[in-house]
Amino acid sequence: MTDAAVTAPRHLSGRRAYGWLLACLVLLVLLAFAASLLVGPAAIGVEAVVRALLFGSERESQVAVSIVWEIRLPRALLGLLIGAALGLSGAALQGYLRNPLAEPGLIGVSAGAALGAVVAINTGLTAAFALALPLSGLAGALVAVLVVQALAGLRGGPLTLILAGVAVTSFAGALMALALNLSPNPFAALEIVFWMLGSLADRSIVHVGLAAPLILSGLVLLLLLGRALDALTLGEDGAANLGIDLRRTRLLLVLGVALAVGASTAVAGAIGFVGLVVPHLLRPLVDQRPSRLLPASLLGGAALVLIADVSVRLLTPGMELKLGVLTALVGAPLFFYLVLKTRRALI
């Protein structure tokens, strides 16, 4: 039997397994999205939620319609979009940097968005203008990515990008600490702290309309990187020999992460560990191929954030636990386990 005859069945088997993985992840996302619409402090049954979604105010009580359309649906949509953005961004950054510790906040986008939001809260803009918080966060993310790109330069490699991102993140963190320290209003300082913990509560369809176009644009750009990330597993020289434009790849990566993660942080605050843990969990299931990891991480991140958001409503119904706190409490021990598992494999 020839090598080709042996390889072909393995290749088909791998494609079938990957197809089953994506199908399972899609099903998990749909179930989590449905749970997000059904779970909440107001007791609304499945039939009432379906009728409110399909018929609106024509056949259903105005209370149920308002709860579903103005509270639960925006929250579920944001959970879906933000989870997808964080999961996909983490997988793309880990593939490009060839560093398993890379995560969406590494290139300073999250810190820039957070700083913009802190400035809006500290200066009182949020009290004067309802959308000042997300818009300031978007502006902060844009400034951060421009600074990172300027520091890294057009010819800078992955290491230069990491160093530029760390510098911007550290500086933004110092400015946020300074704002908290000098804040004359204790209520503004408390609002800053709560916002930085990350949450999907009290978000409206306006926030969805603001963030969705940017997040979806970022997702499209990152999904285009599959072939380039596969080639980069051979190193930069190997990828260049295969015809990969490394400058274009980095530009798409930075722009995609900036759009997706910047918009996510601007409307929901900082939600950590999703982009770090999800690619690690799914990488062994896709044969370590970055191009296959991208769609899987998109779906896995969406499912994780939706499930976490439903969990905070169930665990602490009186006073919701912040979403970023829960993802950190779950993600950090899981990441510790992955680190120990990797270390044992190297011994």
Side-chain angles (χ1 to χ4, degrees), residues 24-54 60-87 90 104 190-191 193-205 207-208 211-212 215 264-265 267-278 280-282 297-338:
C24 291
L25 289 173
V26 169
L27 179 60
L28 183 61
V29 170
L30 292 176
L31 292 175
F33 189 86
S36 184
L37 294 176
L38 295 171
V39 174
I44 304 177
V46 177
E47 183 181 356
V49 170
V50 173
R51 288 170 62 88
L53 285 173
L54 295 180
E60 194 54 53
S61 70
Q62 191 60 43
V63 174
V65 172
S66 298
I67 290 174
V68 171
W69 280 94
E70 296 178 17
I71 299 176
R72 294 188 183 177
L73 183 61
R75 187 167 183 168
L77 289 173
L78 282 177
L80 178 72
L81 290 169
I82 291 171
L86 295 175
L190 186 62
E191 186 180 356
V193 172
F194 279 163
W195 182 87
M196 291 176 65
L197 295 177
S199 176
L200 298 179
D202 302 323
R203 302 309 190 264
S204 68
I205 202 69
H207 291 88
V208 177
I215 292 177
S264 299
T265 307
V267 298
I271 300 174
F273 281 96
V274 176
L276 185 63
V277 171
V278 169
H280 273 279
L281 292 176
L282 295 175
S297 295
L298 182 151
L299 295 170
L304 179 59
V305 171
L306 284 170
I307 293 171
D309 188 49
V310 171
S311 299
V312 298
R313 286 178 255 177
L314 294 174
L315 292 173
T316 53
M319 184 181 68
E320 285 190 11
L321 183 69
K322 294 298 182 182
L323 181 59
V325 176
L326 181 62
T327 56
L329 287 173
V330 175
L334 182 59
F335 191 65
F336 289 155
Y337 167 74
L338 292 172

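Quick caveat, the model's predicted, so the values are computed rather than measured. Any value given below was found using the heavy atoms of this structure, including those in side chains, with hydrogens, waters and symmetry copies removed.
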Strictly distance-based, threshold 3.5 Å: is any side-chain N or O of [X] a donor or acceptor partner for the main-chain N or O of [Y]?
| X | Y | answer |
| --- | --- | --- |
| S36 | A32 | no |
| T327 | G272 | yes |
| H207 | S204 | yes |

Does L81 form a side chain to side chain contact (heavy atoms under 4.5 Å, CB included) with S264? I'd like the steps, not just the answer.
CA-CA 8 Å; L81 290 169; S264 299; over 6 Å; no
To the nearest 0.5 Å, what is the distance between [atom1] on [X] and [atom2] on [Y]?
| X | Y | atom1 | atom2 | result |
| --- | --- | --- | --- | --- |
| R72 | L200 | CZ | CG | 14.5 Å |
| L334 | L329 | CG | CG | 12.5 Å |
| L25 | L282 | CG | CG | 6.0 Å |
| F33 | L38 | CZ | CG | 10.5 Å |
| L73 | L78 | CG | CG | 9.5 Å |
| I205 | L77 | CD1 | CG | 6.0 Å |

Minimal non-hydrogen separation, [X] against [Y], with atom names:
| X | Y | value |
| --- | --- | --- |
| L306 | L80 | CD2-N, 3.8 Å |
| V274 | G301 | CG1-CA, 4.1 Å |
| P74 | V68 | CD-O, 4.1 Å |
| L326 | S311 | CD2-CB, 3.8 Å |
| K322 | S199 | CD-CB, 4.0 Å |
| V29 | A302 | CG2-CB, 4.3 Å |

Could you go step by step and tell me if L28 and I307 meet the side chain to side chain contact (heavy atoms under 4.5 Å, CB included) rule?
CA-CA 9 Å; L28 183 61; I307 293 171; 4.2 Å; yes
